[in-house]
Amino acid sequence: MTVSAGVCPLGPRKRGKVPAELSARVPAEQRGPRLGRDAVRLMVSRGTEVAHHAFRELPGLLRAGDLLVVNTSPTLAAAVDGRIGHARVVVHFSTRGDDGRWAVELREPDGRGTARARAGSPAGTEVSLPGGGRLLLEEPLSARGERLWWARVAGADVREVLGGHGRPIRYSYTERDQPLSAYQTVFALPSPDGAGSAEMPSAARPFTARLVAELVSRGVWFAPVTLHTGVSSAEAHEPPYPERFSVPEASARLINQVRARREGLQAPPRAEDGRVIAVGTTAVRAVESAAGPDGVVRAAEGWTDLVVTPERGTRAVDGLLTGLHEPEASHLLMLEAVAGRAAVDRAYEEALRALYLWHEFGDVHLILPEESPATQSIAMATCGEMAWRPM
């Protein structure tokens with residue numbers, strides 16, 4: 001099944017630039033002794049109300065019956081050095097096509113261990129890869145431009161090239177290279193065909209096995225989906241290109257079960273009736289690509305070019321756990337679809353004021369739906385009961 005939707009041509013409205021000093025330059029566990037991945041901050045939004053927490057407090061902020069939708073895509077060592085004649089280039093392997101070709105971006109090394117944008121190359125350009133392989137540019141990925149190309153690799157297996165010579169894609173705001181393990185989430189599963197994400201589904205990075213176990217023990221459910229993310233542009237925040245996704249039957253059934261329970265409630269609402277909370281914009285994109293106009297999620301797989309905008313709204317997702325995105329990033333349209341423009345503006349003002357850290361190693365933002373006073377009172381009572389129960 002392939003799902004598509006129009007792209008909003010205007011993009012998000014202007015917001016102030018994020019100060020460079022708020023870029024997270026190293027993973028949380030490298031910022032001090034005895035720190036783990038979960039040693040990041042968690043901003044929680046309910047409408048325009050904002051609260052500040054540590055990520056380790058997440059189990060106490062969710063409730064029994066909540067469903068976390070998580071992306072199982074593994075991160076690839078997608079950056080490989082190559083040459084066009086005598087000129088050095090960096091190949092970013094973005095997306096594996098159904099016909100065996102790969103969508104790639106060619107960049108130039110900048111002398112600091114990262115890469116900068118490179119002027120376009122014509123069709124037929126050949127890139128020499130380490131190990132004797134050759135990459136041939138065939139056609140642009142879309143009519144939007146020539147940043148990404150469909151390319152075919154000869155003389156080598158791409159999985160072996162990435163495994164033997166690749167490294168994670170790294171951007172200039174980071175301090176140094178990191179091992180691939182630093183870019184894998186606890187939910188990542190290997191793909192049989194070698195597909196994966198060129199960039200980490202980073203909203204899930206702070207989760208640890210211990211935290212997942214605590215969430216499960218408190219009655220929080222998990223629904224795995226897959227969306228393999230391609231490379232984004234570090235220079236121009238474009239809407240995402242088509243990406244491969246899969247929503248299994250079991251996950252679709254879980255999502256529908258939670259939603260049906262909430263929507264079929266008789267007043268007053270019960271705190272144990274959960275919410276569907278996507279972990280990352282990639283999880284939103286996968287679920288919403290499988291959701292019909294009636295809000296029912298059906299098992300689906302294929303390619304999606306869906307961009308979730310405020311005009312479209314969300315059909316299946318109630319809340320979102322996400323990183324902090326650049327002001328011009330198209331991801332902010334999705335946040336507005338979930339929470340509304342005023343709520344997103346308020347949260348980002350607060351994140352800047354409180355010096356939250358941005359990007360894939362940074363802090364995270366939990367967007368929850370606003371609730372009636374009755375629901376909030378029941379939820380507080382339920383949390384109070386849980387506090388004294390023996391573990």
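A salt bridge does not link Glu370 to Arg46: none of the charged side-chain nitrogens sits closer than 4.0 Å to a carboxylate oxygen. Ion pairing between Arg205 and Glu29 holds under the 4.0 Å rule for side-chain N and carboxylate O.
By the 4.5 Å heavy-atom criterion applied to side chains, Arg31 and Leu357 are counted as neighbours. Put simply, the side chain of Val338 does not reach to within 4.5 Å of the side chain of Leu335, judged on heavy atoms. Contact check for His359 versus Thr174: no side-chain heavy atoms found under the 4.5 Å cut-off. Residues Arg63 and Arg275 form a side-chain contact, since some pair of their non-hydrogen atoms from C-beta on lies under 4.5 Å apart. Here the side chains of Val70 and Thr185 are not in contact, with every heavy-atom distance at 4.5 Å or above. Looking at Arg244 and Asp193, their side chains come closer than 4.5 Å, going by heavy atoms from C-beta outward. In this structure the side chain of Leu68 reaches within 4.5 angstrom of the side chain of Leu62, judged on heavy atoms. Counting heavy atoms from C-beta outward, Leu321 and Leu42 have side chains that approach closer than 4.5 Å.
The closest donor-acceptor contact from the side chain of Asp110 to the backbone of Arg116 lies at 3.5 Å or more, if one exists at all. A donor-acceptor contact shorter than 3.5 Å is absent between the side chain of Asp363 and the backbone of Val40. Asp38 places no side-chain N or O within donor-acceptor distance of the main-chain N or O of Phe55, the cut-off being under 3.5 Å. For the pair Thr309 (side chain) and Leu333 (backbone), a donor-acceptor distance under 3.5 Å is absent. Side-chain atoms of Glu243 come within 3.5 Å of backbone atoms of Gly230 as a donor-acceptor pair (strictly under, hydrogens ignored). For the pair Arg41 (side chain) and Ala354 (backbone), a donor-acceptor distance under 3.5 Å is present. A donor-acceptor contact shorter than 3.5 Å links the side chain of Ser197 to the backbone of Thr229.
Among residues two or more places apart in sequence or in another chain, the salt bridge (charged side-chain N to carboxylate O under 4.0 Å, His left out) test is passed with Asp318 by Arg259, Arg262. Take Glu249 and apply the side-chain contact (heavy atoms from CB on, under 4.5 Å) test, not counting sequence neighbours, and it matches Arg253, Ala299. Qualifying side-chain contact (heavy atoms from CB on, under 4.5 Å) partners for Pro19, counting only residues two or more places apart in sequence or in other chains: Glu21, Leu22, Leu352. Looking at residues two or more places apart in sequence or on another chain, you find a side-chain contact (heavy atoms from CB on, under 4.5 Å) between Pro74 and Gln184, Ala188, Ser191, His228. Considering only residues two or more places apart in sequence or on other chains, Thr322 meets the side-chain hydrogen bond (donor to acceptor under 3.5 Å, both in side chains) condition with His325. For Arg315, the side-chain contact (heavy atoms from CB on, under 4.5 Å) partners are Glu288, Ala291, Pro293, Arg312, not counting sequence neighbours.
Within the structure, the salt bridge (charged side-chain N to carboxylate O under 4.0 Å, His left out) test picks out the following pairs touching residues 164-192 (sequence neighbours left out): Asp81-Arg167, Arg170-Asp177. Residue pairs meeting the salt bridge (charged side-chain N to carboxylate O under 4.0 Å, His left out) criterion with at least one member in residues 347-356, sequence neighbours excluded, are Arg346-Glu350, Glu350-Arg353. Pairs of residues two or more places apart, or lying in two chains, never qualify as salt bridge (charged side-chain N to carboxylate O under 4.0 Å, His left out) while including a residue from residues 221-231. Listed by first and then second residue, the salt bridge (charged side-chain N to carboxylate O under 4.0 Å, His left out) pairs that reach into residues 149-159 are Glu138-Arg152, Asp157-Arg159, sequence neighbours excluded.
Closest of all the heavy-atom pairs between Ala28 and Gly36 is CB-O, 3.8 Å. The two residues Leu61 and Leu368 have their closest heavy-atom pair at O-CD1, 4.3 Å. Across every non-hydrogen atom of Ser121 and Arg118, the tightest pair is OG-NH1, 2.6 Å. Considering every non-hydrogen atom in both His86 and Arg83, the closest pair reads O-NH1, 3.0 Å. Nearest approach of Phe187 to Ala204, heavy atoms of both residues: CD1-CB, 3.8 Å. Taking all atoms of both residues into account, the shortest heavy-atom contact from Ala223 to Ser251 is C-OG, 3.7 Å.
Clustering ILVMFWY residues whenever any of their side-chain heavy atoms sit less than 4.5 angstrom apart, transitively, puts Leu254 in a cluster other than the one holding Val296. Neither Val225 nor Leu189 shares a network with the other; the hydrophobic side chains, linked directly or stepwise wherever heavy atoms of I, L, V, M, F, W or Y lie under 4.5 Å apart, form separate groups for each. With hydrophobic clusters built from ILVMFWY side chains whose heavy atoms lie under 4.5 angstrom apart, Val26 does not share a cluster with Val364. Neither Tyr171 nor Val90 shares a network with the other; the hydrophobic side chains, linked directly or stepwise wherever heavy atoms of I, L, V, M, F, W or Y lie under 4.5 Å apart, form separate groups for each.
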Before you tell me yes or no, could you show the steps for Leu227 and Thr304 under side-chain contact (heavy atoms from CB on, under 4.5 Å), namely the whole-Å CA-CA distance, both residues' side-chain angles and the distance that decides it to 0.1 Å? CA-CA 9 Å; Leu227 187 137; Thr304 177; 4.1 Å; yes
Applying side-chain contact (heavy atoms from CB on, under 4.5 Å) to Leu67 and Ile277, what does each step give before you reach the verdict? CA-CA 6 Å; Leu67 175 65; Ile277 300 170; over 6 Å; no
Could you check Met43 against Leu324 for side-chain contact (heavy atoms from CB on, under 4.5 Å), going step by step and ending with a plain yes or no? CA-CA 10 Å; Met43 180 172 62; Leu324 294 166; 4.1 Å; yes
I'd like to know whether His52 forms a side chain to side chain donor-acceptor pair (under 3.5 Å) with Tyr356, so could you lay out the CA-CA distance, the side-chain angles of the two residues, the decisive distance to 0.1 Å, and finally the verdict. CA-CA 10 Å; His52 303 284; Tyr356 274 67; 2.7 Å; yes
The test is side-chain contact (heavy atoms from CB on, under 4.5 Å); show your working for Arg147 and Val231 and say whether it passes. CA-CA 10 Å; Arg147 185 175 69 85; Val231 297; 4.0 Å; yes
Test side chain to side chain donor-acceptor pair (under 3.5 Å) on Asp99 and Trp150; report intermediate values, then the result. CA-CA 10 Å; Asp99 60 0; Trp150 283 119; over 6 Å; no
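Atom OG of residue Ser45 and atom OH of residue Tyr348 lie 9.5 Å apart, to the nearest 0.5 angstrom. Remark: Arg298 CZ to Ser289 OG distance equals 14.0 Å, nearest 0.5 Å.
In the hydrophobic clustering, where aliphatic and aromatic side chains (Ile, Leu, Val, Met, Phe, Trp, Tyr) are joined below 4.5 Å either directly or transitively, Tyr183 groups with Met200, Phe361. Grouping Ile, Leu, Val, Met, Phe, Trp and Tyr by side-chain contacts under 4.5 Å, direct or through others, puts Leu129 with Leu76, Val80, Ile84, Val89, Val91, Phe93, Trp102, Val104, Leu106, Val127, Leu135, Leu137, Trp149, Val153, Val158, Val161, Leu162.
Under the 30°/60° scheme for interplanar angles, the aromatic rings of Phe207 and Phe222 are found to stand perpendicular.
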